[in-house]
Each structure stands twice: as C-alpha cells, then as structure tokens.
Amino acid sequence: DAMVIQNPRYQVTQFGKPVTLSCSQTLNHNVMYWYQQKSSQAPKLLFHYYDKDFNNEADTPDNFQSRRPNTSFCFLDIRSPGLGDAAMYLCATSRGGTGNEKLFFGSGTQLSVL
Amino acid sequence: GDSVTQMEGPVTLSEEAFLTINCTYTATGYPSLFWYVQYPGEGLQLLLKATKADDKGSNKGFEATYRKETTSFHLEKGSVQVSDSAVYFCALSDHGGAGANSKLTFGKGITLSVRP
C-alpha cells in the first residue's frame, strides 16, 4: 500500500547525459515536492507544485527542471548532470493549504553520476 | 533565512536508556516544528509536530516541546528500544499562515543506534 512511489531506487547516469527521476502518488494530494539530499547534509527543497502551479526555490540551479502532467505524477529532469549532482532525491506530497500539514515521502532515488 | 541545527551524531545507546536529541532553529516568523524519522530502507515519515509555542508533540513514546524562548524543539524518549534505530530529522515550516504550503527546512539528521 505504498502511497508515494519513486522509481528507480538507484539511478546511474553519465556526466552530461540527461536523466529523469519519477514520482507517483496514490493520495490525491495537491502538493508535490522535490528535495535533494547530499551525504551527511540536510534535505534541500528544489521546487514544488501546488496542483499545476510550479514554485521554484531561488537557489535551485537551472539544470534542474520538473514536470507534473497530472495529479498523480511528477518528474525531476536533470538536463546535464554534473558530479556534484550525485545525491539522494526525495519526492514528497501534502494536501496543501494550511502550511503546517504532514508531508508524505517516497523512499528516494539515489543518483550516481559517472 | 530559516535554519535548523541538530546536535552532531551518531548516537549509540543501550536498550532502555534515556534519549535526548537537541534541535534549535532560526526563523523570521512563527514556524511549526516537526520531527521526522527515517528507518533503514524507507522514506521519511512524520514522528511528531508542534504548531505553536509551549505545544508538546508526542508519538510512540517520543516527546518534544516547542520552546520559543530558547528556539528549541528537543526530542526525548524515556526508554529506547532497538526498533527506534533510525535517522531523526528536525524540521520547521515557516508557513506564513493559511493558504500557504508546507515548505520544510530540515536539519542534517542524526543517526541513532540502539544496542540490545
């Protein structure tokens, strides 16, 4: 009964080769988030969608893009991965609207860049 | 900007020991405060939260009290179990009121290992 599903669990790509990470949810939540977590660091918010409205964090590099074709799916595209983009990428969802509600996380995708 | 500072880890305890994990924060508004836990191989999940000063969040024997005067939200448990072994993240949401979304700022996390 997984509610936020991320695929794949592990992803290996080559330096400069575009890569897409996937997230799906069965909760029908309005908000979907992407976080980047590097080793021994805090998870860092990259961007989020409220329904179809995209909200980018000010310090998210242009190399990172996102798509949300429908309520259930959200994708993270890295156009030209660098070695510094190797990290765990976490997808999360929430109902949205109150500002203090619970987030539901997927298990993450560990990205390696060779 | 907002920030969350957690004590350095890892922490190793014997079963039934008392646990304290320190967390302090910096925020411009009146944030909500959270503890999330990540068990091995799983995603982060909410452990407890507090939305205003002096609130106490509790769950599964864990407690944390929102202390505005010391800007802290320390996590405590009176008697830890082996099954509590996990990574614990303190977080805040400086949500700006109704209609906003929960954008969490996390601490680095701390690994807790409990020995039988």
Side-chain angles (χ1 to χ4, degrees), chain A residues 1-7 9-10 23-27 29-60 87-110, chain B residues 1-10 23 25-27 29-53 55 57 59 66 73 86-111:
Chain A
D1 58 343
M3 296 179 288
V4 182
I5 303 162
Q6 290 189 245
N7 286 307
R9 184 75 175 89
Y10 300 94
C23 178
S24 64
Q25 56 136 337
T26 60
L27 298 164
H29 281 170
N30 292 313
V31 192
M32 295 188 77
Y33 308 81
W34 280 104
Y35 283 84
Q36 178 193 62
Q37 184 182 15
K38 295 186 177 179
S39 181
S40 301
Q41 295 186 22
K44 179 179 175 300
L45 182 64
L46 295 173
F47 26 60
H48 74 281
Y49 276 93
Y50 188 107
D51 198 10
K52 292 185 182 301
D53 292 333
F54 178 70
N55 298 271
N56 199 29
E57 293 302 298
D59 56 354
T60 298
M88 175 73 82
Y89 290 88
L90 304 172
C91 175
T93 73
S94 72
R95 288 192 184 87
T98 67
N100 61 12
E101 69 269 14
K102 174 180 175 180
L103 265 63
F104 293 78
F105 283 83
S107 298
T109 294
Q110 182 68 53
Chain B
D2 297 342
S3 66
V4 175
T5 302
Q6 291 185 234
M7 59 184 277
E8 293 290 327
C23 172
Y25 68 90
T26 303
Y30 299 93
S32 295
L33 301 174
F34 306 81
W35 278 99
Y36 278 79
V37 59
Q38 185 175 30
Y39 298 104
E42 300 183 13
L44 280 75
Q45 53 188 279
L46 180 66
L47 180 59
L48 52 85
K49 75 176 188 182
T51 58
K52 61 183 187 296
D55 269 3
N59 186 25
Y66 188 141
F73 193 55
V87 182
Y88 292 81
F89 292 89
C90 185
L92 69 81
S93 175
D94 201 356
H95 48 77
N101 300 318
S102 285
K103 292 169 55 175
L104 292 178
T105 298
F106 283 95
K108 289 185 178 182
I110 187 170
T111 300

Quiz item: Which region of B:Leu33, side chain (C-beta onward) or backbone (N, CA, C, O), has a non-hydrogen atom less than 4.5 Å from a non-hydrogen atom of chain A, or is it both or neither?
Solution: neither

Quiz item: Checking A:Arg95 against chain B: side chain, backbone, both or neither under 4.5 Å from a heavy atom?
Solution: neither

Quiz prompt | Evaluation steps, side-chain contact (heavy atoms from CB on, under 4.5 Å), between B:Tyr36 and A:Leu103 | solution = CA-CA 9 Å; B:Tyr36 278 79; A:Leu103 265 63; 3.5 Å; yes

Quiz prompt | Residue list, salt bridge (charged side-chain N to carboxylate O under 4.0 Å, His left out) with A:Glu57, at least two apart or on another chain | solution = B:Lys103

Quiz item: Atom CD of A:Glu101 and atom OG of B:Ser32: how far apart are they, to the nearest 0.5 Å?
Solution: 9.5 Å

Self-check item: Pick from A:Pro43, A:Gly106, A:Ser107 with the largest number of heavy-atom pairs that fall under 4.5 Å of chain B
Solution: A:Pro43

Quiz item: Around B:Lys108, counting heavy atoms of other residues, nucleotides and ligands shown, do more than 12 lie under 6.0 Å from its NZ?
Solution: no

Quiz item: Who among B:Val4, B:Leu104, B:Leu46 has the most heavy-atom pairs with chain A under 4.5 Å?
Solution: B:Leu104

Quiz prompt | Closest heavy-atom pair and its distance - B:Phe106, A:Ala42 | solution = O-CB, 3.2 Å

Quiz prompt | Heavy-atom closest contact (A:Gln37 atom, B:Phe89 atom, distance) | solution = NE2-CZ, 3.4 Å

